[in-house]
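First up is the structure itself, then whatever we jot down about it.
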There are 2 protein chains.
Amino acid sequence: MATIKDVAARAGVAVGTASRVLSGSPQTSADSRSRVLAAARELGYIAHGPARSLRRARTDVLGLLVSDIRSPFFSELAHAAEQEARARGYTLLLANANEDAEQADAVLDAFASQRIDGLLLSPQGPRTPRLEALLAAKLPIVLLNRAIEGVDAPLYGTDNAGGVAQALAWLQRRGHRDVAFIGGPEGFSTGAERHDAYLAGREAHGISTDDALIDAGDFLADGAAEAMLRVLDRGVRPTAVFGANNQTTLGAMRAMRERLGAEAASRIEVVSFDDVEWFAFTSPPVSAVRNDAPAIGRAGVRGLLDLIDGGTAASQRIATSFVDRSEGGRA
Amino acid sequence: MATIKDVAARAGVAVGTASRVLSGSPQTSADSRSRVLAAARELGYIAHGPARSLRRARTDVLGLLVSDIRSPFFSELAHAAEQEARARGYTLLLANANEDAEQADAVLDAFASQRIDGLLLSPQGPRTPRLEALLAAKLPIVLLNRAIEGVDAPLYGTDNAGGVAQALAWLQRRGHRDVAFIGGPEGFSTGAERHDAYLAGREAHGISTDDALIDAGDFLADGAAEAMLRVLDRGVRPTAVFGANNQTTLGAMRAMRERLGAEAASRIEVVSFDDVEWFAFTSPPVSAVRNDAPAIGRAGVRGLLDLIDGGTAASQRIATSFVDRSEGGRA
DNA sequence: AACGCTCATGGAAACGATTCCATGACGGAA
DNA sequence: TTCCGTCATGGAATCGTTTCCATGAGCGTT
């Protein structure tokens, strides 16, 4: 592999000059510029990133730590974040924590060792020692989707209250009064925000305030199915169900089918937080509040780069959109 | 941030000694070992990756270039590959090419600049100049899922022929004679292999060899829908449809619903290459050949590490499994 | 004609680690 | 007791860049 020394030798200049040309310093003559660039092209020179990082004390690498890249939300977010980062001259290093604090810490160690310039973090749970260390080292950090208590970093996430309001408006338009709500764990800010917004808004949208209609799972299909069974076993018969995320909706639908039969279940309208493309193909089709994951990813990267450049960045709630798949609906 | 010099100073030894301790060289006394480790712990020392890479001439970083991380196949593959890499002490750098050769080249440049130790490549199309350069530089490379003409690198991918055989066996068990097959582009080895295997095997499984039942799309929903419409407009009335990947199946189902109505469409059994979880919730449910994306990712990483360690690696076809979601089926 | 300024350049230091080499301590064998 | 070998250690070179500093050329001004 050619080094800058080879380039300089071939161009007949000193390495300092070659470096200045290649990094676009204005302190260069047209003559050396052309000769250095020609030499670099001829040798297929590609700068040695680690060496550059060593000297410059920055790596132009951002780290993105998510709980599980396999979830559509995160894969869309990661995709958009990578595009944005690359467009700004940064490389995005992606890692999974697998909902496991130990693994998250291992990743943070690896990030620290790579000397990333900034971190986009979708927090699992509370703060860990590694995270403390990074905070103490003043590494620029932004949070995605969930807050962490006592961590003062800008947060980029879904506008949960706004999304719930969209779902409530739709339920009202569809004339539902008896609506089952299956929430998520209160421990997640996401779960709590959606739950609170629903409770706060239901009455104004003509929805029954009977708490027998409400239960919560763990944001996973199995837990949600159990919650839905509990609701049904209380004897209430909702005409619509609102699932607080996509897995929750999945579990709720399974439970309804199990308890009421496929035919009866398909007459209960379903609305979900988190849209997935296959909601169009279920029976009944599921209307949904759509997270703008790409916008969150892009906003996160932009905020992080502002921080890195020494500026400030403000938290941002990204608006959701609503996909109406009901019989009379638009889609 | 603490450097190894700080650690050495605090431990009262020379940097060389500190380095030997920290990198586990046997040439160290118990005394200096304990003092260096204590000093490192007290200072929260984390080695500077770029500096280490510079001197060692390796980075312990692998690059993974996929066309689109948002596809479930790649996100599962990437997830497994990252786990495997991390378990072996490597970091995985993930990038998207977005089906765009220019972007792929930009990524390869970035990888080259980072001096990755090896590349896992899911090829888009033909070879590009950057790829040539990397091959010429003897960078260890493995291919995922698709071959590239004239590139001699081990290939880790789905056993397409085996998967088609599983689908054919299922079609036979279900007693289907008139089966529509919607294939993918011949340009992709994936598409060609599945198509060929189907043509070769259908007769032996009691399936009509009427080519009016066969058409091909572009592996995307819209193209597949058009292909399915062409089939139906030829007047044939299949009792089952076989889609060559998940998007293809999606498009075919849409086309059937459009042409025949929801009710008639739901009586046509569907089998797909590429399983997705929501195939359980469509009407009719879709039985599917399941790619073992995680196994492919793991095998790819293992093969690549073998190459990096100077050994050899052999191409591997990863077996598929079959998910039977038909009425009488197991699932 | 002399002076001063700008500016491109060469050379060298620096970044933080690893690794080579020489040295000295120590222990065992004769 | 002397000698040799082993082995931990300190110090220095090295990896490929960037950046600082000093130098000298060239040019315009007085």
Side-chain angles (χ1 to χ4, degrees), chain A residues 1-37 39-40 43-61 89 91 109-117 137, chain B residues 1-37 39-40 43-61 89 91 109-117 137:
Chain A
M1 203 86 201
T3 74
I4 200 172
K5 243 170 150 173
D6 303 325
V7 173
R10 179 162 191 130
V13 299
V15 292
T17 303
S19 171
R20 278 181 291 257
V21 167
L22 292 169
S23 54
S25 152
Q27 307 266 76
T28 55
S29 69
D31 180 49
S32 43
R33 215 155 28 226
S34 69
R35 291 166 59 190
V36 168
L37 292 177
L43 293 173
Y45 171 74
I46 297 186
H48 191 291
R52 164 175 294 173
S53 299
L54 174 57
R55 178 60 227 229
R56 285 215 214 171
R58 33 179 281 233
T59 52
D60 297 339
V61 174
T91 295
D109 266 357
F111 279 176
S113 167
Q114 305 259 350
R115 297 295 196 270
I116 57 171
D117 289 344
Chain B
M1 200 90 202
T3 74
I4 199 172
K5 241 169 151 174
D6 303 325
V7 173
R10 180 166 192 127
V13 300
V15 291
T17 303
S19 171
R20 278 181 291 258
V21 168
L22 291 169
S23 55
S25 153
Q27 306 265 78
T28 54
S29 69
D31 179 49
S32 43
R33 219 162 16 234
S34 69
R35 292 166 58 190
V36 167
L37 292 177
L43 294 173
Y45 171 73
I46 296 185
H48 191 290
R52 163 177 293 173
S53 299
L54 173 59
R55 177 60 226 230
R56 285 217 221 174
R58 32 177 282 233
T59 51
D60 296 339
V61 174
T91 295
D109 266 357
F111 279 176
S113 166
Q114 305 259 352
R115 296 295 196 269
I116 57 171
D117 289 343

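Labels below follow one simple rule: chain letters A, B, ... track the order of the sequence lines, proteins then strands, and each chain is numbered from 1.
- Among the atoms of the strands shown, only primed sugar atoms or phosphate atoms (P, OP1, OP2) are found under 4.0 Å from some heavy atom of B:Ser32.
- Nearer to the 5' terminus of DNA chain C, by closest-nucleotide assignment, is the contact made by B:Ala51 (compared with the other of B:Arg20 and B:Ala51).
- At a cut-off of 3.5 angstrom, counting only N and O atoms as typed in the model, there is a donor on one side and an acceptor on the other between the side-chain of B:Arg55 and the base of D:dT14.
- You'll find the side chain of A:Arg52 stays beyond 4.5 Å of the side chain of A:Asp60, heavy atoms only.
- For the pair B:Arg56 CZ and D:dG16 P, the interatomic distance rounds to 16 Å; values are reported in whole Å.
- Among D:dG16, C:dG10, D:dA8, the nucleotide with an atom closest to any side-chain atom of A:Thr17 is C:dG10.
- For A:Arg35 and A:Asp31, the salt-bridge test passes: some basic side-chain N is under 4.0 Å from an acidic carboxylate O.
- Set against D:dT9, D:dC15, C:dA17, the side chain of B:Thr28 has D:dT9 as its closest nucleotide.
- One atom, CG of B:Leu54, and another, P of C:dT19, lie 12 Å apart when rounded to the nearest Å.
- We find that CZ of A:Arg58 is positioned 12 Å from C1' of D:dT18, with the value rounded to whole Å.
- If you measure from atom NZ of A:Lys5 to atom P of C:dA12, you get 12 Å, rounded to the nearest angstrom.
- The distance between atom CD of A:Gln27 and atom C1' of D:dC21, rounded to the nearest whole Å, is 13 Å.
- As rounded to whole Å, 6 Å separates atom P of C:dA17 from atom CD1 of B:Ile4.
- Following rounding to the nearest Å, B:Arg35 (CZ) and D:dT9 (C1') show an atom-to-atom distance of 12 Å.
- Among the atoms of the strands shown, none is found under 4.0 Å from any heavy atom of A:Ala57.
- In the set D:dT17, C:dG10, C:dT18, C:dG10 carries the atom at the smallest distance from any side-chain atom of A:Ala14.
- Formation of a donor-acceptor pair under 3.5 Å by the A:Ser23 side chain with backbone atoms of A:Ser19 is found in this model.
- No donor-acceptor pair closer than 3.5 Å links the side chain of A:Arg10 to the backbone N or O of A:Lys5.
- Side-chain contact of B:Arg33 with B:Thr28: a donor-acceptor pair under 3.5 Å is present, judged by distance alone.
- Closest contact between the side chain of A:Val13 and the listed nucleotides D:dC15, C:dG10, C:dT18 involves C:dG10.
- Going from atom CG of B:Asp6 over to atom P of C:dC15 covers 11 Å, rounded to whole Å.
- Residue B:Ser19 is in base contact, counting any heavy-atom pair closer than 4.0 Å across all strands shown.
- Nearest-nucleotide mapping onto DNA chain D: of A:Ile46 and B:Val21, the residue sitting toward the 5' end is B:Val21.
- Counting non-hydrogen atoms under 4.0 angstrom, A:Ser29 reaches the backbone sugars and phosphates but no base.
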